[in-house]
Amino acid sequence: MGRLRKKYNWKGRQQNESQSPGGDGSTDVVVELGGGEKLKGVDTCNALVLPSNKAKKKTVAEKPISKKKPLTKKQKKQAGILAKLAEFQLPESELKMLYTTAKLGTGDKLYQNKGMTDEVEDGGTAPKISSLSGVNRKRKWKEEVEEEAEEQQGEESIAHSSEPKEVEKSAQQPKEGPVRKPSQPAVFVPVDRMPEIQEARLRLPVLAEEQVIMEAVRENPCIVLCGETGSGKTTQMPQFLYEAGYASGKGIIGITEPRRVAAVSMSQRVAMEMNLPTQVVSYQIRYEGNVTTDTKIKFMTDGVLLKEIQKDFLLQHYSVIIIDEAHERSVYTDILIGLLSRIVPLRNKKGLPMKLIIMSATLRVEDFTDNKKLFPSPPPVIKVDARQFPVSIHFNKRTPMEDYSWVDKTGGILVFLTGQAEVHDVCRRLRKAFPFRRSTTDTGKEEETFKDTRRFKKDKQKQALPRIHLDNYSALPVDEGDEDQLAGVDDDECGYEGCELDLGEDEGDPDEKADPSIPLYVLPLYSLLAPEQQAKVFQASPAGTRLCVVATNVAETSLTIPGIKYVVDCGRVKKRYYDRVTGVSSFKVSWTSQASANQRAGRAGRTEPGHCYRLFSSAVFGDFSEFSEAEITRRPVEDLVLQMKDLNIDKVVNFPFPTAPSGEALMAAEQLLVSLGALEEPPRTGRVKDIERAKLSCPVTPLGRAMASFPVAPRFAKMLALGRQQDCLPYVIAVVASMTVREIFEDLERPAASEDESSKLAQNKARLMQMRRLWAGQGPSLLLGDLMVLLGAVGACEYAGCTPQFCETNGLRYKAMVEIRRLRGQLTNAVNAVCSEGGVFVDSKMAPPTESQVICLRQILLAGLGDHLARRIREEEILDPKWKNGYKTPLLDDPVFIHPSSALFKKPPEFVVYQEVMETTKMYMREGLVCHCTSTFYRVAWPLPAVEKAYPEGLDRFKLFAKFLLEGEVCLKLKKNCSVLLSNPSIMMKTWAKLQPRTEALLVELASEKVDCRDALLAVWKEKEKFLLSAYCQWLPESVHQEVAKSWPPV
DNA sequence: GAGCACTGC
C-alpha cells in the first residue's frame, strides 16, 4: 500500500480524484464499469475494454489502497491551494489562447493549460518534476523543481540520485537552448483525464510498472518492453512518455504499428484517454493522416516511418520512437529496428538524444537483445503482466492427419482455419448442425439460412461425400441438442477417422454441456471478405443465438472479435512460399508455431475465463516450432535492399538485421536491382574475392534513387521511371497500381450464402467474362494481354465513379478498386515530385491508349519484367503430353502455363512476359503480356522475332537515319566502309553525340535538308550531288576519302 | 480449364 503511494507518477494517476469537481470516488467504480460495458464490441484498445467480474473485484480491492490512503494527506493540502488558485484561473477560452502564444516561447509552458486545475499550485513555474525522482516526489516535489534537468544527458545517471554534480549539469543545460530538450526531459506534464478513464487505467498491469519502465527509459537509450495483449502497453506507454515530458520540447513521440487500422484506432483511443484533440494525438498511414504542427504523439504504420527515414535519417522530429508489435517481425519493423540501433547513438552524439522502445507481446526478444551487431550492449528487458483471463487448453488425444476441420467441437465461438474455402465449408456444416431459427426473432434471414442449407446439400451430393442425415438435424429440437448425438451425426457426415476420440474430454465441463442447446449464428471471416460482411462479427448476434465466427488468421492479430469465450484451433496456417532459385511462389498449409497457437488461445480469454480446443495433440504441439520465422527470411528482399542502398547503406550484408535474410536472397536482390539499372554494375575484372565482394555492395544509381522514391516494388518503380515516353505515364501508373493491389476481381467461385446470391454470382460471372473480353480490346491492344484487361477494368470503374454498384455488377472487388484509386493518386504525386515538368494527373476519364502508346507501354512493362519472359514450347520439343501449351522460362526446367483466366489463354502467343509464377495444380503464370523482342534473350540466347518500332520524332529521327546510313543500311555501297569507320555509328544516338564534330556535321546537314529517309536523300542528291560527302568523310580515314568521293553519291 | 494466408510504403 505504501508502495503504491510511492509509485512513479502516482499523482498523475490519481489526479481525477482530486480535481474532478463532482467526482465522488465511491460511484466511480460503477460508472466506470458501465462505461466499460458500453465499449463492448468496439475494442479499439487491447486493454481497456470489456471489464469483467474479475476486473471488477480487482478494482474494488485496489481502490481504497491506491486512491484514498495516499491521497488524503497531501492531496487535501493541495486541494486547498488548488481551490484558492482556481479563483484566479482564467476561463478555458482564454487559456486556449495562452496555449498558442506559449508555443512560441518555451516548450515547458505549452502544457500548462491542460492540467491547470491540477497543477496550478506551481503557478508560473511550470510543474516540472523529474520523471525519475517521481518516486520521491510526493515528499519533495516542490523543492525538486530544479532537479528537472538533472539527467539531461545522463544515460548513466541513476534515478533518484540528485547529486550536486547532476544539479550543476542542470544549470548548464538550459543555456544550450535547442540542444537540451525532449528525450531527456525531467518535466511532469499533466494530463486532464476523465475520471472513468483514469479509473480504468489504474487496472492495467502496465501502470504498476510505470516507474520501473520510465527509469529504464531514462537510463538507457533503448529498452525492450514485453507484455502480452491486455497489458495496456500500446495505449499507456505513449502517455507515460508524454507525462514525463518527452513531447515537451521540439521532438515528439512516434509509435509504429504494423497495421493501418491499429495506427488509426490507437491514436483515437489515446487521444480520448488523454482528453486531447486529434491534432495533438494523431496518426499517419499510407494515404491519410491527421498530423498537424501541434501533434505530440504520432501513431503511424511502420512503412511510414521508414519513408520518413529516407527524408531525414536522424528523425530529428522525434524524441522517442516506440516500435509496437515487434514480435510480429514484419519486414519494416525489423528494418526499422536495425536502422534505429544506429540512429539512436548518432543522435546522442549529436546532442539531440533520442530513445527507442521496442515493444513485444512475447518474450522472444533474443533476436534484439542477444544480437551484438544490433546492440553492442544489450538493452534491458522489462516484462509486464497482462490482464488476461485463464484459458483452459484442451488437446485432442490424437491428431487426425487427413482433415482437421471438424465440426463437433465448434461449440466454441471462434474457429481458426486456414483458408476461404475451408471457412465456407465449415460455416455451412455448422449451420446445418446447429440450425439457427428465427422463431424468436424477426427478419427474413431464416429463409436465407434454409436455402443455404439446401443448396449446400446439393453441393455435397455432387461431391459424393458420405451421406448426411439431414433429418436428424432438422428434427433436432433446437433446445434439446445433445452434444454426443450431434457429434455422432457429424461423424457420420464427415467420416473422419479420428472422430471417436474427443467427446469424453468435455463431459465434465458444464459449460460444454450447455453449448449445443443454443443455436449458432455462424459467420465467416477472412481478409478478402467484403467489409460489410466482416462488420457483422462486431454486431450483436440475434437474440437466442450464439456467435460462432469461422475465421482465417485475420482473427489472430488483425481483428479482435469481442466476447469470445471458446476458441477452436486447427493448429495450421496457410503460408506463402518462395523458391529462392526459381522465384516460383506457392501456398502451403503447415503447422503453426507455439506462439501463434497461444495467441489464438488467448483470444478466448479477453472477457472471461475461456476454453481453447486444439484439434491436435499435445505431443504435436510440442513439436511445433516455438515461434514463427521472421518474415524477412521468407520473401524476396529487392525492395528492402533498394531502400537501404538509397540510405547509402551499400554493404547490405553488414546491416544489423535482427534476423538477416539469406545470402542467396541478398545476392538475388542485388542482381535484379543491377539489371534494372538501380544499382551500378559491379566490376568484372580484378581479384575473384574483390569481384564477389563488389557484387554485394553495388552503390545506388541516380535511377535507383528515383525508383526508391516510388512506393512500389522495384520492378514497378522502374516502369514508372520510364513512363514519360509517349505520354504513357498515366497508363503506367494505372497498370502498376493494379498489379500492386491484390485480388482485383471478385472471387465468383465462392459458395453463396443464399440462392439469390448464387444466381447473382452466376450472372456476375458471365458478365465479368464478357467485360474481360471487352477490356482486353482488339488489335494492337491485345498485345498488352491481361494488363489491358486490368487497364480497362480500372479505367471503366473510375469512369463510373468507382462506385460499389459498378464493382458489384462487374465482378470487381470494391476495396481493391478503392485501393488502386488511392495508389494512383500517390504514385502520380510521387512521379510529379521527381519530374515536375511532367504535370501528370489522375484522369478519371482516361481514354484507352493509342496504338503507339500500346507499343510504348509494352516496352516499358518489359523493362521491369525483362527476366520474366517465357517462350512457347514448340511441337517438336514436347517430350510429355502434359507439356502441351506449356512455356519454357529461363530458370525452370518444368514448363509453365497460361492461366485459364488469362486473356491469352485461348490464343497463346510465341512469347509472353509474366508478373510471377504461382504453383497450384500446375505452374501458372500471372498477368501475361504478349511479347516480341529484338535480338536474343538472356543467357539462353533464344532468337527473338523482330518488331516494328515507331520512328522517333524530332532530331532523334535524323540521328537514327544517320546511324542507319553509316551502318550501310540506307545505301548498300557504303557498307564496305563500315569496317574502317572512325566511330561506331551507334554513338549517333548517345546523348553526348554532340561532343563529336563528326556527329554534329552529319546531323546538321541531314536536318538542313530534312532528310530522314532514303527517298528524301535520293531527292536531294538529284539536286546536289555532293550532299553529305564531306560530312560522311569525317567518319573515315583520309586514305579512303578519294575513293569515296569518286563514287559519290553511293547509289 | 481454374483453388491465394496476412501485412506495410
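In what follows, every heavy atom counts, from backbone to side chain, and hydrogens, waters and symmetry copies are set aside. So that the names make sense, note that chain A is the first sequence line, chain B the second, and so on, each numbered from 1. The structure displayed is predicted, hence computed values, not measured ones.
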Checklist entry - Are A:K307 and B:dC9 close enough that a side-chain N or O sits under 4.0 Å from OP1 or OP2? => result no
Next on the checklist: Let's see if you can work this out: which of B:dG8, B:dA5, B:dC9 has an atom nearest to the side-chain heavy atoms of A:R576?
Outcome noted: B:dA5
Next on the checklist: For A:E743 and A:V261, find the nucleotide of DNA chain B closest to each by heavy atoms; which residue's nucleotide sits nearer the 5' end?
Outcome noted: A:E743
Item to check | Minimum-distance nucleotide to A:R286 side chain [options: B:dG1, B:dC9, B:dC4] | outcome: B:dC9
Checklist entry - Of A:G419 and A:T740, whose nearest nucleotide on DNA chain B comes first from the 5' end? => result A:G419
Checklist outcome for this item: Between the CD1 atom in A:I744 and the OH atom in A:Y814, the distance rounded to the nearest 0.5 Å is 15.0 Å
Checklist outcome for this item: note: A:E422, atom CD; B:dC4, atom P; distance rounded to Å ~ 12 Å
Checklist outcome for this item: When rounded to whole Å, the CG to C1' distance for the pair A:D639 and B:dG8 reads 10 Å
Item to check | Exercise: do A:Y924 and A:R926 side chains pair donor with acceptor under 3.5 Å | outcome: no
Checklist entry - When the aromatic ring centroids of A:F616 and A:F624 are compared, is their separation below 6.0 Å? => result yes
Item to check | Whole angstrom value for the distance that separates P of B:dC6 from CD of A:E328 | outcome: 14 Å
Checklist entry - For residues 916-926 of chain A, which residues have at least one heavy atom under 4.0 Å from DNA chain B? => result A:T920, A:T921, A:Y924, A:R926
Item to check | Presence of A:Q420 side-chain N/O under 4.0 Å of B:dA5 phosphate oxygens OP1/OP2 | outcome: yes
Next on the checklist: Categorize A:S558 for me: base, sugar-phosphate, or nothing, with a 4.0 angstrom heavy-atom threshold over every strand shown.
Outcome noted: sugar-phosphate
Checklist entry - For A:R772 and B:dA2, what is the distance between atoms CZ and C1' respectively, to the nearest whole Å? => result 11 Å
Checklist entry - What integer distance in Å separates A:Y526:OH from B:dG3:P? => result 16 Å
Item to check | A:H899 side chain, from C-beta outward: closest of B:dG8, B:dG3, B:dC4 | outcome: B:dG3
Checklist outcome for this item: Checking B:dC9, B:dA5, B:dT7 against the side chain of A:R260 (C-beta onward), the nearest is B:dC9
Checklist entry - If you take atom types as modelled and just measure distance, does the side chain of A:Y332 reach the base of B:dC9 with a donor-acceptor pair under 3.5 Å? => result yes
Next on the checklist: Can you tell me if A:S527 touches the phosphate of B:dT7, counting only side-chain N or O atoms and a distance under 4.0 Å to OP1 or OP2?
Outcome noted: yes
Checklist entry - Can you tell me how far P of B:dA2 sits from NZ of A:K765, to the nearest Å? => result 13 Å
Checklist entry - Checking all strands, does A:V554 fall into the base, sugar-phosphate, or nothing category for heavy-atom contacts under 4.0 angstrom? => result sugar-phosphate
Next on the checklist: I'd like to check the side-chain contact (heavy atoms from CB on, under 4.5 Å) partners of A:S902; sequence neighbours left out, ordered by chain and number.
Outcome noted: A:D786, A:I898, A:L904
Checklist entry - Going by atom types alone, do A:T301 and A:R286 pair a side-chain donor with an acceptor below 3.5 Å? => result no
Item to check | Length of the line joining A:F897:CZ and B:dG1:P, which is rounded to integer Å | outcome: 10 Å
Next on the checklist: It should be established whether A:T333 places a side-chain nitrogen or oxygen under 4.0 Å from OP1 or OP2 of nucleotide B:dG8.
Outcome noted: no
Next on the checklist: Could you check whether atom CD of A:E228 has more than 12 heavy atoms from other residues, nucleotides or ligands sitting under 6.0 Å from it?
Outcome noted: no
Next on the checklist: At 4.0 Å (heavy atoms only), tell me whether A:E631 reaches a base, stays on the sugar-phosphate, or touches nothing.
Outcome noted: base
Checklist entry - Heavy atoms under 4.0 Å, any strand shown: does A:R635 hit a base, just sugar-phosphate, or nothing? => result base
Checklist entry - Between B:dC6, B:dC9, B:dG8, which nucleotide has the shortest distance from any of its atoms to the side chain of A:R259? => result B:dG8
Checklist outcome for this item: Of A:Q915, A:R715, A:M925, the one forming a side-chain contact (heavy atoms from CB on, under 4.5 Å) with A:H868 is A:R715
Checklist outcome for this item: Checking B:dC9, B:dA5, B:dG8 against the side chain of A:T552 (C-beta onward), the nearest is B:dA5
Item to check | Between P of B:dC6 and CG of A:L559, the distance in whole Å | outcome: 10 Å
Checklist entry - Between B:dC4, B:dA2, B:dG8, which nucleotide gets closest to the side-chain atoms of A:R742? => result B:dC4
Next on the checklist: Measuring from the side chain of A:F587 (C-beta onward, heavy atoms only), which nucleotide among B:dT7, B:dG8, B:dC4 has the closest atom?
Outcome noted: B:dC4
Checklist entry - Does the pair A:Y287 and A:R260 meet the rule for a side-chain contact (heavy atoms from CB on, under 4.5 Å), with working shown? => result CA-CA 10 Å; A:Y287 304 114; A:R260 294 181 197 159; 3.9 Å; yes
Next on the checklist: Less than 3.5 Å apart, any donor N or O on the side chain of A:E257 or A:Y283 sitting next to an acceptor on the other?
Outcome noted: no
